[in-house]
Every structure is written in structure tokens, then in C-alpha cells.
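Below is one structure, written out as C-alpha cells; comments come after it.
Proteins come first, then strands; the chains are lettered A, B, ... in the order of their sequence lines, and each starts at number 1.
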Amino acid sequence: MSDLPSIAIVDANNFYVSCERIFDPRLEGKPVVVLSNNDGCVVARSQEAKALGIDMASPWHSIAAEATAQGVIARSSNYELYGDLSARTVELLGRYTSSQEVYSIDESFIRLTGTPPQVSAIAREIRIATRKLIGLPVSIGIAPSKTLAKLANRGSKTAPALLGVCNLAAYSPAQLTSILQSVEVGQVWGIGGRTAKKLIGLGVYTAAALRDADAAGIRRRFGVVQERVVQELRGIDCLPLEEVHADREQIQFSRSFAIPISTVPELQEVLSVYTQRASARLRRQNSLARLMRCYASTSPFQDEHVTHAVSLAFPDPTDDPVVIYRAALTALGPQLQAHRQYVRVGVSLHEFSSRDTHAALDIFDTNPAPFAAGDVLDSITAKYGQETLGLGLAGFKSNRAWTMRRNMVSPRATTHWDELATVFAH
DNA sequence: TCTGGGGTCCTAGGACCC
DNA sequence: TCTGGGGTCCTAGGACCC
């Protein structure tokens, strides 16, 4: 038995639903779904909801009647709650490893060392701890590469006998091949719908067949990303753990509206709010942006779907909400047409530099220090909340008909004093 | 009436330069 | 009339992920 380091992926089961259940135990054992922003699509389902045949990404409006008749309970997404429970889970996992990559809101890769039985024992301990200390059920897949760990993670969920932990090191080469033969090629991490279709056309139907395919040929036909998948399936670790969470390389803020917008002043208001939110994220990671893209689009589900998009460079990299808003308005404003029914606006920032580096280069700048509107906004909203203060049109809260629809949202039970859970004694 | 949002990486192709 | 070739930078878009 080898004593090599293994990669484990720890993944919370039906994460958003599990978060909702922690603070509302009445949801336990019932079919529950969580909806995307705007109460648009299903983005998380409990086991019971999956069993009823509710698909991921189903538009809620088209299934709501039937689902509620079947007893399905829907919740609007409550990202503040999920984010907080996610952070607690990350901290807990950190106690079991020296090397951790936070891959998404509900998944971490961690490195575990020991013999296969030792590693599996640690994984079982983690499972018990997350359930007991945070309230979340998790599944754990363990293997020599990330891609195989993801595959093991699927196995840990589909085979109840494994009790939520699947360590591929526990299987013989023949058993491993038979496991890979049972996985469709499109289920492999990194192989999406398009590539899967092409692979099937070439006769590559399963994970085992992809593992045994000619790596150079795969590279020629599909590129380096897919070639790495082949190597990873062979147990060769090609995708290192990204331990330090690097700053973002782009920041987007985009939302669909509860109702379409067709007046220019309202679009200006939206741009004002979105540019302020995007620039706040930029300042949080201490970056300046050189490039911005903005777009406004009508519904892709209607005739005459249009998108107006602009891309613009700032003369000097900036994080100033006033500069960014004015630039967005100047560039996108002339394209907006009052008779259109816009359903979505997006702002994205790119090409970052560090705020500190830029300041150091700026010593010969003769302009007096400008009013740092961004810093003032940040310190006030940090203390009193996101909605307390805004610049210009974003400062008014009245009559914002376009904001998100969130009709079934749960309390932010861990981050707001006035929304704490209430316990009743009987 | 009602269809999410935020990322990453890679590649192709045009513009430009020498 | 004749009319190269290679390198780099930039951007848009594809594909994938959760």
C-alpha cells in the first residue's frame, strides 16, 4: 500500500437546500427546490425533488403549478446565508489538511496523506464533523488526480453502501476499469456537452475509453484541456491545487429585471447601481481596472432579441465609481432605445493592476488627490449595509420596480441580528 | 405575465510591425 | 507588372465549470 498524498474533494450535498434545512427543519424529508435570482430557474433540488423528476434549470414558472401540487416547497436563493455557511465549512476543512483549494461555494479540494485506509478514515471523520458542527451533509471522493476525485465523488453519492466516502485507491486496476466503464464520457469533469457529442461520434463512449484513447490525437482534435483530462483519468495529476485564492481577473455584475425596462432614466439608474456594485468588488480586492464592457439586452425568448454592447478603455486604470459610471453612461447611453423592452444589463471590469503599484508609479502626478468617493461609500456600507448609501441615482430606493423578484426568501439567519432563527419550546 | 449569475482557460483570426 | 513571411498583441467567442 502506498503512502502517497491523495486528493479529496469534499462537496456538500444539495448545498442550497441543505442550508435552508438547517434553519427550517420542517423542510427535512420533503421535496425542496431553491430558485435562481429572480425566482427564475431551479438551481438546487433535494433528493425528494429529484425523485419527483424535477430537472435542474427548469424554469420555475413552467413547473410551479404541478410541483406545488406534488408538495414541492420552493425557496428564493439566499446567497448571504449560503456564503456564510460555506465560509464555516472551509474553515472546518482547513483543520484536516495543510493544502486546500476552495473550488466553489460548496466544494473544496484538500490533500490528505496516509495509506488508503487511513485516508478513508479521515474522510469519514470529516463527514461526521461537518454534519455535527455545521449541519451540512457532505460527500467525499478520493483519488490521485482531481478528475478522478470528482469521479469518485459521484460514486460516493450513487452507491449508498459507501456511506458518502469513495476512495479509488481501495480498488484493484480491474475494478477501477470496470468503474470507469460504467461512467458515460459526458459525465467526466471537463467534458461538456459539445465535446461529449464529438467523442461519441468517434466511438469514445465511456470514461474508460477516454482514458485509453490516444492522448496526442485527442490534443490535435480537441486541444490541451481535453488532453489533460485523458492524463488525469490515467491517474497522472496535471491540475495542481490552487491554494491561494488569487484575485479575480474579471468582475461582472449583471442581473435580469423582474419586469422589463423601456425608459432611459431607469436604464441610467440600473447602470448607476451596477457600476457601483462592480467597482465595490474591485476595491475589495484592491485592484484598478483598465477595461470595461457593458451591455443591455432584450429577452432572448422574444422576437427581435438585441444586445447593445460596448467595450471601453480607461485612460488611467481606476476603481472610482463616479468615473466608471460616467464612462458606462457615455458609451452605452447613445445606443439605448426607449421603445425596446430591456430585460438585462451587465457591467464587467477587466485588465486589473494593483492599486498599490499604480499609486507608486503616480508620484509625478500633479493632480491634487481627488475625492475618494469609493472609499467613503465602502466604509459606510460596510458598517450600515449595502442599501444605506448610493451615488446619484443609485441613492434613491423608491419606485424601483425592476429589482429582483425574491418572493420566497428565507431569513439571513447567521449574518443579521434581526433575522436570527426563532426556537419554540413545546 | 414568468427562462440565473459569475467565473476560467483556450483558440482563431485580424491588425500591426519589421 | 511585380506584391513575403514571421512574430506579437488584441479581441471575440467557444467551451466548460459550479
Side-chain angles (χ1 to χ4, degrees), chain A residues 9 11-16 33-44 55-65 67 74 76-79 82-83 86 101-109 146-147 150 153-154 185-199 219-229 238-239 242 245-260 274 277-278 281-282 285 290-293 295 297-302 305 307 309-313 341 343-352 401-402 404-408:
Chain A
I9 178 137
D11 155 280
N13 302 344
N14 314 324
F15 179 59
Y16 298 163
V33 298
V34 174
L35 306 177
S36 62
N37 275 336
N38 238 359
D39 294 345
C41 296
V42 172
V43 289
D55 290 329
M56 192 68 166
S58 311
W60 179 241
H61 72 87
S62 68
I63 63 163
S76 304
S77 40
N78 184 348
Y79 288 107
Y82 312 151
S86 173
E101 173 184 342
V102 180
Y103 179 65
S104 75
I105 192 164
D106 69 331
E107 287 168 89
S108 276
F109 288 103
K146 283 182 172 179
T147 305
K150 289 286 284 188
N153 186 260
R154 287 181 66 84
V185 74
Q187 313 286 358
V188 174
W189 189 52
I191 303 297
R194 307 283 176 116
T195 309
K197 212 170 161 185
K198 290 184 206 160
L199 284 169
R219 183 190 188 123
R220 217 177 317 115
R221 244 184 255 263
F222 299 99
V224 293
V225 177
Q226 280 71 19
E227 188 201 11
R228 270 184 224 131
V229 174
C238 308
L239 304 169
E242 312 270 351
H245 205 59
D247 285 339
R248 303 277 172 220
E249 290 174 11
Q250 59 173 263
I251 288 169
Q252 301 185 32
F253 196 90
S254 63
R255 292 280 184 282
S256 301
F257 313 134
I259 50 166
Y274 289 15
R277 298 293 295 273
R281 288 185 190 169
L282 190 62
Q285 68 168 44
R290 197 180 73 80
L291 197 80
M292 169 166 62
R293 295 200 172 91
Y295 68 87
S297 54
T298 62
S299 172
F301 303 102
Q302 303 282 320
H305 169 49
T307 297
V310 292
S311 179
L312 62 138
Q341 300 274 306
V343 299
R344 186 184 180 83
V345 162
V347 171
S348 63
L349 300 167
H350 310 257
E351 300 201 6
F352 299 156
W402 49 267
M404 272 197 301
R405 192 181 300 118
R406 279 170 104 199
N407 292 334
M408 298 159 280

Check every strand shown and say whether [X] touches a base, only sugar-phosphate, or nothing at a heavy-atom separation below 4.0 Å.
X	value
A/K197	nothing
A/Q250	base
A/I105	nothing
A/S62	nothing
A/D39	nothing
A/E351	sugar-phosphate
A/G193	sugar-phosphate
A/V188	sugar-phosphate
A/W60	nothing
A/R406	nothing
A/I251	sugar-phosphate

### Query
Looking at A/F109, is A/K146 sitting on its ring face, NZ or CZ under 6.0 Å from the six-membered ring centre and within 45 degrees of the normal?
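A/K146 over A/F109 ring: yes.
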### Task
Could you list the residues that satisfy salt bridge (Lys or Arg N to Asp or Glu O under 4.0 Å) with A/E249, not counting sequence neighbours?
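So A/E249 forms no salt bridge (Lys or Arg N to Asp or Glu O under 4.0 Å) with any residue.
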### Task
Identify the two heavy atoms, one from A/T147 and one from A/V188, that lie closest to each other, and give their separation to 0.1 Å.
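Here A/T147 and A/V188 meet closest at CG2-CG1, 4.0 Å.
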### Task
Kindly check if the number of other-residue, nucleotide or ligand heavy atoms within 6.0 Å of CZ (A/R281) is above 12?
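Yes, enclosed.
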### Message
Check this for me: A/R221, atom CZ, are more than 12 non-hydrogen atoms of other residues, nucleotides or ligands nearer than 6.0 Å?
### Response
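Not more than 12 within 6.0 Å, no.
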### 5′-ward residue of the pair A/N38/A/R248 relative to DNA chain B
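Comparing both residues, the 5'-ward one is A/N38.
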### Query
Between A/N37 and A/E242, which has a closest nucleotide on DNA chain B that is more 5'?
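The 5'-side residue here is A/N37.
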### Task
Dot-bracket notation for DNA chain B is requested: 5' to 3', Watson-Crick or G-U wobble pairs only, both distances under 3.5 Å, with ( ), [ ], | and . as defined.
....||||||||||||||
### Query
For atom C1', what is the distance between C/dG4 and B/dC16, given to the nearest Å?
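Those two atoms are separated by 15 Å.
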### Message
Nearest 0.5 Å, please: how far is NZ in A/K150 from CD in A/Q187?
### Response
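So the CD of A/Q187 and the NZ of A/K150 are separated by 12.5 Å.
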### Task
Using chain A heavy atoms and a threshold of under 4.0 Å, write down where along DNA chain C the contacts begin and end, 5' to 3'.
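Going 5' to 3' along DNA chain C, contacts run C/dT11 to C/dC18.
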Which pairs would a plain distance check flag for residues 189-196 of chain A, meaning a side-chain donor or acceptor within less than 3.5 Å of a matching protein atom at least two apart in sequence or in another chain?
none

### Query
For A/S104, what residues pass the side-chain contact (heavy atoms from CB on, under 4.5 Å) criterion, not counting sequence neighbours?
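side-chain contact (heavy atoms from CB on, under 4.5 Å) list for A/S104, sorted by chain: A/D106, A/E107.
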### Query
Residues in ring pair (Phe, Tyr, Trp, His ring centres under 6.0 Å) with A/F253, at least two apart?
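Here the qualifying residues are A/Y274.
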